[in-house]
Amino acid sequence: MTTQFKDSIETALHNSNLAGALGRFSEAYRISRAKAYEGIDFEALRNRIAEIKSSASSNFEALAEQFKQSAEARGAKVFRTADPEQVKRYILDLALEKGVKRVVKSKSMASEEIHLSLEKAGIEVDETDLGEWIIQLAHQTPSHMVMPAIHLTKEEVAEVFSQEVEPGQAPDIPKLVKFARGKLRPKFLQADMGITGANIAVAETGSLVIVTNEGNARLVSTLPKIHVAIVGIEKLVAMLKDIQPILTALPRSATCQLLTSYVSIISGAAPNIDGTPKELHIILMDNHRSDMAKDPLFKQALQCIRCATCLNVCPVFRLVGGHVFGKTYTGGIGTILTAWFDGLQKAEDIQGLCIQCGGCVAVCPGKIDIPGLILELRRRLVVEKGQSMAMKAIFGVVNNRRLFHFMLRMASVTQKPFTSGRFIRHLPLFLSDITDSRSLPAVATFPLRDTIKKIDQSKGKEKVAFYAGCLIDFCYPEMGESLVKILNKAGIEVIFPEAQTCCGAPARYNGAYEVAAGNARDNIKALLETDVSYVVSACPTCTVALKHDFIETFKSLGVTDAMAEAGKLAAKAIDFATLIRKLVDEGRLTLKEGEDLGKITYHDSCHLKRTLKASKAPRDLLQQAGHEIAEMVECDTCCGMAGSYSIKLPEISAPILARKLKHIKETGASKVVMDCPGCVMQLRGGLDKDGAPIRAEHTVESLANRFK
Amino acid sequence: MATTFEEFKSRAEAVSAEVHRFSAKDEARAFILEFLKESGVSDAPHCGAVWAAGSFLEGASKDDLKAKVPGLRFEVTQQASADSKVGISQLDWAISATGTLVQDATAVDKRLVSTLPSIHVALLGTERILADMGSVLEQLRPEQLNYISFITGPSRTADIERVLTIGVHGPERLIIVAVDEFQEVTA
């Protein structure tokens with residue numbers, strides 16, 4: 001990461017207005033969004049949208065041509081170009097030819113994407129969307145795709161208005177809005193040209209669909225005699241009826257409204273005030289969109305309807321805001337669009353901001369796997385630029401199991417000067433950031449691979465292989481011991497394949513797919529050696545690796561020879577809670593009855609909830625055991641651990657952790673339970689630093705002594 | 001019909017529109033004239049009202065109406081609309097599920113009276129209220145209409161500190177006047 005980028009993060013994190021505004025908004029957003037979608041089958045709706053947009057991007061050429069013909073038959077002029085420079089030239093030439101002096105614009109992200117600027121030619125241009133106007137006057141760039149000025153307070157807006165327009169404006173929101181209306185009204189009335197974007201373009205009818213709340217697009221497209229619409233070709237849909245699902249989702253997701261105040265469907269040249277037909281120019285802009293359409297992975301990013309939900313639910317975005325992402329497209333989808341529209345290198349720093357929690361996947365109305373695509377960007381960057389020396393050194397070790405495990409064993413000795421009890425509370429020098437807001441677990445004196453041998457297990461007729469993962473093996477062996485104890489109660493013998501090694505997630509999440517593939521091969525071999533009924537893991541990230549990522553990594557690299565075996569392992573892999581729940585349902589395990597174990601709260605780990613879809617099983621088990629669960633606010637929001645993320649970007653991880661701790665404390669529970677040793681490490685360490693008398697533990701620990 | 005209207009009314013009111021229903025056209029007309037007077041419409045500067053052409057006006061004497069409310073105009077221009085307090089136009093459909101009005105706004109005067117004045121009075125035949133957007137899209141013929149407007153409540157913004165503020169560039173009040181016997185009285 002560049003120093004400049006790190007600085008921009010630092011600046012954003014220290015902007016308390018930004019953090020306050022975005023923090024409050026993100027909490028309110030979840031509730032309002034849910035309300036707006038009441039009575040709507042969101043899955044069916046987004047499947048429809050994905051289908052419409054995906055079929056459109058398979059047919060860009062035909063649809064663009066059909067759109068051109070339909071719109072031109074209705075009196076519009078349609079200009080198609082792949083090149084942003086041509087767009088700028090077209091508009092400038094048109095403005096000069098028609099003697100345009102004043103332009104009013106309604107919000108157009110496409111115009112921002114190409115940095116349209118007519119001011120240099122002596123033309124006065126005014127943004128008319130209130131947020132965009134504020135940003136224009138403040139000489140800034142939008143910080144959010146839907147709410148461009150969300151980072152500014154009313155005091156700051158009043159100051160901008162006072163300095164740039166008319167002195168003496170008070171920080172009173174209704175007055176500021178009235179002031180803007182009054183000042184922009186004459187500009188609408190005097191403008192010679194209006195520039196808009198479009199939310200949808202319908203090929204069948206040559207129609208533009210424009211959505212606003214303020215009513216500015218209606219004025220921009222009605223009053224000036226010339227209307228120029230800049231439309232990215234990803235806005236194309238085939239049929240008029242295709243607009244319905246998009247208009248159902250867009251306002252609900254973007255602003256939690258059932259419908260925006262205004263939707264205009266403009267089809268060809270409507271009459272001007274003097275009776276002449278409108279001079280309507282529609283620019284269909286490509287700028288690498290058809291390249292995206294040809295990429296089998298990134299084609300789905302064209303299903304985006306620009307609702308900004310992925311910004312609103314992102315635990316990182318709400319801390320840093322949009323400015324760190326660049327000038328136009330922000331947040332998760334913005335990272336992907338920037339990589340394509342401005343070049344992969346432009347996304348090098350910002351792709352690192354994605355914490356891979358998957359929170360945006362479930363709520364994206366375009367059904368885009370945003371974190372998956374960001375991971376693919378990461379992989380392509382590594383292929384193009386290579387891994388950093390430090391990363392290379394680390395992965396060199398991870399790929400050599402014996403060396404890796406030797407170093408972990410050594411760590412239990414070398415960490416001694418820093419440990420107190422089972423925690424490392426302070427690390428020296430540049431490592432100190434990592435222990436600033438949470439303590440780290442000390443590496444256990446004896447790893448699970450040693451202690452498990454000492455457990456006296458009767459030889460059952462059913463065997464289950466335990467995949468421990470590095471954290472349980474080397475830091476939390478007691479979790480593994482509890483797991484063995486529980487499964488033994490069901491008459492199951494737990495075996496520990498010695499040759500198991502790192503699941504490869506750290507390598508994969510850093511774009512080092514070759515290393516991840518090496519880890520995958522080693523583990524497949526080790527875990528399929530003995531005939532077992534399940535391969536169980538108590539780490540969701542590891543389970544996801546066994547069940548999904550090995551296969552995905554092989555796919556990305558074009559590895560075919562290990563695919564069948566990977567599939568076999570995937571079918572056997574299961575997470576701890578789901579397996580135990582199954583055994584309870586089958587009557588093979590019985591919880592003790594009549595226990596009152598008091599109030600706890602449950603933290604949903606990202607991979608368990610969103611990839612493995614197991615949020616009910618652990619809750620059911622904990623409740624059946626006798627716990628009362630007091631749900632915390634945002635129980636399924638990331639804790640900030642995310643593997644090496646908390647080491648690479650501790651300044652972002654720490655405030656995410658702080659918010660999580662606040663929500664845990666608010667429940668009044670004495671214990672927070674979860675199913676991921678990584679989350680335990682983060683939360684136990686955070687609670688240790690915080691001093692709160694709350695215990696963080698894994699479900700396997702909570703249940704260890706609860707079975708008959 | 002009754003339930004469709006009730007749903008439409010509650011959805012429209014939820015987004016700050018004001019909804020009135022009359023069984024006959026002359027009652028609706030009397031309400032509008034009274035409303036214009038109450039709103040301070042007069043021939044003083046910036047106090048006018050503009051009324052865009054539509055079937056509701058068929059058979060009515062415009063001179064008579066103008067005499068009753070000085071400042072009311074039927075010749076819609078950009079200047080007259082910009083100077084008016086109230087704009088009146090007729091809408092073609094409505095959607096009960098979202099409280100939305102839908103209009104063939106190809107005629108520019110319909111857009112001027114519903115964008116520039118601070119109050120928009122929207123006339124609607126009660127039987128034109130359909131259940132959802134799909135039903136309206138089936139009726140729409142964009143291949144024949146150059147400009148179709150969907151209007152859901154007054155103009156709004158939340159661009160400063162996310163505080164909802166009504167009335168930015170468009171009207172700050174939307175008064176919906178639904179008339180049951182729209183066609184009959186026109187005939």
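Quick note on labels: first sequence line is chain A, next is B, and so on, each numbered from 1. Predicted model only: the values in this text are computed from it and were never measured.
- Note: A:T153 leads A:V157, A:I243, A:I150, A:T153 in heavy-atom pairs under 4.5 Å with chain B.
- Across A:T260, A:L240, A:L189, A:L184, the residue that shares the most heavy-atom pairs under 4.5 angstrom with chain B is A:L189.
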Test log, rule side-chain contact (heavy atoms from CB on, under 4.5 Å), inputs A:L219 and A:T128:
CA-CA 10 Å; A:L219 288 165; A:T128 62; over 6 Å; no
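- A:Q257 touches chain B through its side chain: at least one heavy atom from C-beta onward sits under 4.5 Å away, while N, CA, C and O do not.
- Contacts of A:S70 with chain B are absent, with no heavy-atom separation under 4.5 Å from either backbone or side chain.
- Taking 4.0 Å as the cut-off between side-chain N and carboxylate O, A:E27 and B:R162 do not count as a salt-bridged pair.
- For the side chain to side chain donor-acceptor pair (under 3.5 Å) criterion with B:S89, the lone passing option out of B:H120, B:K110, B:R111 is B:H120.
- Note: A:L223 leads A:L152, A:L208, A:I134, A:L223 in heavy-atom pairs under 4.5 Å with chain B.
- For A:N17, no part lies under 4.5 angstrom from a heavy atom of chain B.
- For B:E18 and B:H20, the side-chain atoms include no donor-acceptor pair closer than 3.5 Å.
- Heavy-atom distances place the side chain of B:T100, and not its backbone, under 4.5 Å from chain A.
- Contact annotation for B:R11: only side-chain heavy atoms (C-beta onward) come within less than 4.5 Å of a heavy atom of chain A.
- Residue B:Q144 touches chain A through its backbone alone, counting heavy-atom pairs closer than 4.5 Å.
- Proximity to chain A (any heavy atom under 4.5 Å) is shown, for B:S118, by both the backbone and the side chain.
- Qualifying side chain to side chain contact (heavy atoms under 4.5 Å, CB included) partners for B:V15, counting only residues two or more places apart in sequence or in other chains: B:T152, B:R156.
- The most heavy-atom pairs under 4.5 Å with chain B, out of A:L258, A:V209, A:L259, come from A:L259.
- Only the side chain of A:T205 comes within less than 4.5 Å of a heavy atom in chain B; its backbone stays farther off.
- The pair B:E58-B:K25 fails the salt-bridge criterion, with no side-chain N (NZ, NE, NH1 or NH2) lying under 4.0 Å from an Asp/Glu carboxylate O.
- Between A:D242 and A:R48 a salt bridge is recorded (basic side-chain N to carboxylate O distance below 4.0 Å).
- Contact of A:K278 with chain B is not made at all, since no heavy-atom distance falls under 4.5 Å.
- Across A:A269, A:G215, A:A149, the residue that shares the most heavy-atom pairs under 4.5 angstrom with chain B is A:A269.
- For the pair B:D92 and B:R128, the salt-bridge criterion is not met [side-chain N within less than 4.0 Å of a carboxylate O].
- A side-chain donor-acceptor contact under 3.5 Å links B:T157 and A:E214.
- Using a 4.5 Å cut-off between heavy atoms, B:S114 touches chain A through backbone and side chain atoms alike.
- For B:T106, the parts lying near chain A are the backbone and the side chain together; criterion is any non-hydrogen pair under 4.5 Å.
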